[in-house]
Amino acid sequence: MKFTVARDVLAEAVSWTARALPIRPASPILAGVRIHAEQEELTLSSFDYEVSANSQIPATVETPGEVLVSGRLLADISKSLPNKPVTVELDGQKVNLVCGTSRFSLAVMPLDEYPLLPTQPQNAGAVDSQVLSQAIAQVSIAASRDDTLPLLTGVRIEIEGSHMTLLATDRYRLAMRELDWEPTDPAAEEIALVKARILQDVAKSMTLGAKVELGLAGEAQPGASSLIGFSAQGRRTTSTLMDGDYPPVRRLFPDSTPIQAVVDRHALLEAVKRMSLVAERKTSVRLAFSEGQLVLEAGQGDNAQASEALEATLTGEDIATAFNPQFLIDGLSVMDTDYVRFGFTHPTKPAVMTGQKKADEGEITQFRYLLMPIRFGI
């Protein structure tokens with residue numbers, strides 16, 4: 001095997017493929033990246049039995065072939081090389097990299113022990129890459145980071161025709177984003193539960209093109225895990241789906257919210273950040289809404305305290321409640337509107353946050369963020 005490839009192209013492709021490598025692999029072989037050179041193209045692959053990554057890049061292939069080398073070492077070397085063409089050649093049990101006057105030799109890993117990569121699921125449709133990236137960012141903030149509740153570390157994807165919904169909760173907040181996509185089957189109905197960290201990686205690494213293709217594969221045999229696949233601009237990744245019954249979280253959204261308040265989102269976000277400086281761990285930021293005004297307070301007793309007043313529009317009776325400041329910051333940060341609308345039913349019941357373009361316009365409900373007052377769990 002021998003090929004020549006542009007340094008930047010190689011470095012980016014190796015870095016992207018190696019990102020899926022496990023930090024502590026169950027087997028040393030899973031720390032490898034497979035390089036397949038054929039017909040003026042390189043295919044780089046990684047797989048840890050849960051997530052696979054596959055990247056295709058152009059190269060001048062002199063001798064086709066295939067090899068397996070340490071993925072992270074190859075990524076580090078590729079990034080450090082001078083900005084010149086890189087020639088890679090297999091020489092017995094070594095792979096030689098030559099770039100200008102820089103030379104590296106990497107040990108070859110046993111290719112016959114490397115697991116067979118899963119087949120990319122059949123394309124089920126396409127979605128705008130920027131819309132998908134934003135939706136994942138908005139919803140994944142609410143996914144649990146507690147591995148003792150594995151189901152809640154996932155994002156539930158619901159597909160009904162051209163409508164897609166993403167949901168996530170950690171029991172103290174719930175995020176839901178609705179979006180349109182282009183299914184290959186207009187009558188498609190699918191449900192998938194994907195680890196939030198995997199979707200976050202997709203959101204970061206697959207926004208180069210206009211569209212991301214999504215595929216879903218059902219169980220090939222009893223007990224086999226289903227797959228979800230994403231592909232864009234020569235990059236493909238798959239992940240096994242999570243098993244289990246996700247809690248019926250949609251019902252947590254109230255049918256109506258008789259008390260509503262509208263606040264400038266940017267001003268509120270900065271104010272909550274200031275309040276959080278004196279809100280000790282597990283303490284709240286208190287919000288008191290009255291006509292024309294929102295008063296924020298944090299801190300108590302002999303400890304540091306802070307307060308701030310903002311303009312607000314209130315419909316309904318005055319209301320005071322309290323939230324985890326970081327959860328409130330998370331929700332406000334992922335909105336893309338200038339105003340935020342709070343919908344309340346009771347001070348101790350969950351509040352619904354939605355966006356609003358202008359102070360006197362209607363709410364935008366594509367993204368909804370349900371936040372439980374502090375000291376109460378969903």
Side-chain angles (χ1 to χ4, degrees), residues 1-121 198 201-202 205-206 208 227 229-240:
M1 182 189 76
K2 185 176 181 181
F3 62 84
T4 302
V5 61
R7 177 261 184 191
D8 288 348
V9 174
L10 178 66
E12 185 179 347
V14 174
S15 178
W16 183 81
T17 307
R19 91 211 184 286
L21 295 173
I23 296 172
R24 288 181 290 275
S27 168
I29 203 77
L30 298 180
V33 161
R34 190 176 72 182
I35 304 172
H36 182 84
E38 189 177 28
Q39 296 180 346
E40 307 305 297
E41 186 176 72
L42 292 186
T43 301
L44 297 95
S45 309
S46 64
F47 184 42
D48 68 353
Y49 290 110
E50 179 187 14
V51 179
S52 76
N54 183 296
S55 182
Q56 295 175 320
I57 56 173
T60 302
V61 179
E62 188 174 321
T63 308
E66 195 168 37
V67 72
L68 184 70
V69 295
S70 169
R72 287 205 164 82
L73 182 56
L74 180 61
D76 290 342
I77 291 172
S78 300
K79 286 185 287 188
S80 72
L81 293 173
N83 192 18
K84 294 180 179 180
V86 183
T87 298
V88 179
E89 184 175 9
L90 177 62
D91 181 14
Q93 293 302 304
K94 294 283 186 179
V95 171
N96 298 321
L97 280 81
V98 179
C99 182
T101 57
S102 298
R103 294 174 178 270
F104 288 88
S105 290
L106 282 72
V108 171
M109 302 172 76
L111 192 59
D112 57 349
E113 296 179 17
Y114 197 69
L116 188 66
L117 268 69
T119 303
Q120 190 80 8
I198 292 168
D201 189 56
V202 167
S205 64
M206 288 199 161
L208 298 176
L227 278 181
F230 300 90
S231 59
Q233 294 291 298
R235 294 178 174 179
R236 296 183 296 174
T237 188
T238 67
S239 171
T240 54

Mind listing the closest non-hydrogen atom pair of Ser78 and Val14 along with its distance? OG-CG2, 4.2 Å
Pro82 and Arg7: which non-hydrogen atoms are nearest, and at how many Å? O-CG, 3.4 Å
Short N-O contact, Lys79 and Glu12, less than 4.0 angstrom: no
Arg72 vs Leu21, test: side-chain contact (heavy atoms from CB on, under 4.5 Å). Steps then yes/no. CA-CA 8 Å; Arg72 287 205 164 82; Leu21 295 173; 3.7 Å; yes
Rounded to the nearest 0.5 Å, what's the gap from NZ on Lys84 to CG on Asp8? Could you check? 13.5 Å
Taking atom types as modelled and ignoring hydrogens, do the side chains of Thr4 and Thr87 form a donor-acceptor contact shorter than 3.5 angstrom? yes
Check whether any side-chain heavy atom of Phe3 lies under 4.5 Å from a side-chain heavy atom of Glu38, and answer yes or no. no
side-chain contact (heavy atoms from CB on, under 4.5 Å) between Lys94 and Phe104, worked out: CA-CA 10 Å; Lys94 294 283 186 179; Phe104 288 88; over 6 Å; no
Heavy atoms only: give me the nearest Val69-Ala107 pair and the separation to one decimal. CG1-O, 3.9 Å
So, do Pro64 and Met1 sit near enough that their side-chain heavy atoms are less than 4.5 Å apart? no
Would you say the side chain of Leu68 lies within less than 4.5 Å of the side chain of Val108, judging by non-hydrogen atoms? no
Measure the SG-CD1 distance between Cys99 and Ile77 for me, rounded to the nearest 0.5 Å. 11.5 Å
For Phe230 and Gln120, which heavy atoms make the closest approach, and how far apart are they? O-NE2, 3.3 Å
To the closest 0.5 Å, what do you measure between CD1 (Ile29) and CZ (Phe47)? 13.5 Å
Residue pair Asp48 / Pro25, side-chain heavy-atom distance below 4.5 Å: no
For residues Thr17 and Ser45, report the shortest heavy-atom separation together with the two atoms involved. CG2-C, 3.6 Å
Please examine the side chains of Gln56 and Arg236, heavy atoms only from C-beta on, and report whether any two atoms are closer than 4.5 Å. yes
Can you name the closest pair of heavy atoms from Pro58 and Val5 and give their distance? O-CG2, 3.6 Å
Rounded distance (nearest 0.5 Å) linking atom CG of Leu10 with atom CG of Leu97: 7.0 Å
Tyr114 and side chain to side chain contact (heavy atoms under 4.5 Å, CB included): which partner among Leu117, Leu116, Asp112? Leu117
Donor-acceptor side-chain pairing of Thr238 and Ser52 below 3.5 angstrom: yes
So do Tyr49 and Leu30 actually touch side chain to side chain, heavy atoms under 4.5 Å? yes
Distance (rounded to the nearest 0.5 Å) between Ser55 OG and Ile35 CD1: 11.5 Å
Taking it one step at a time, do Asn96 and Val88 satisfy side-chain contact (heavy atoms from CB on, under 4.5 Å)? CA-CA 6 Å; Asn96 298 321; Val88 179; over 6 Å; no
With a 4.5 Å cut-off on side-chain heavy atoms, are Asn54 and Thr237 touching? no
Distance, nearest 0.5 Å, that separates CE of Met109 from CD of Gln93: 12.5 Å
Could you tell me whether the side chain of Arg235 and the main chain of Ser205 form a donor-acceptor pair under 3.5 Å? yes
State, with a plain yes or no, whether a side-chain heavy atom of Leu106 is found less than 4.5 Å away from one of Leu74. yes
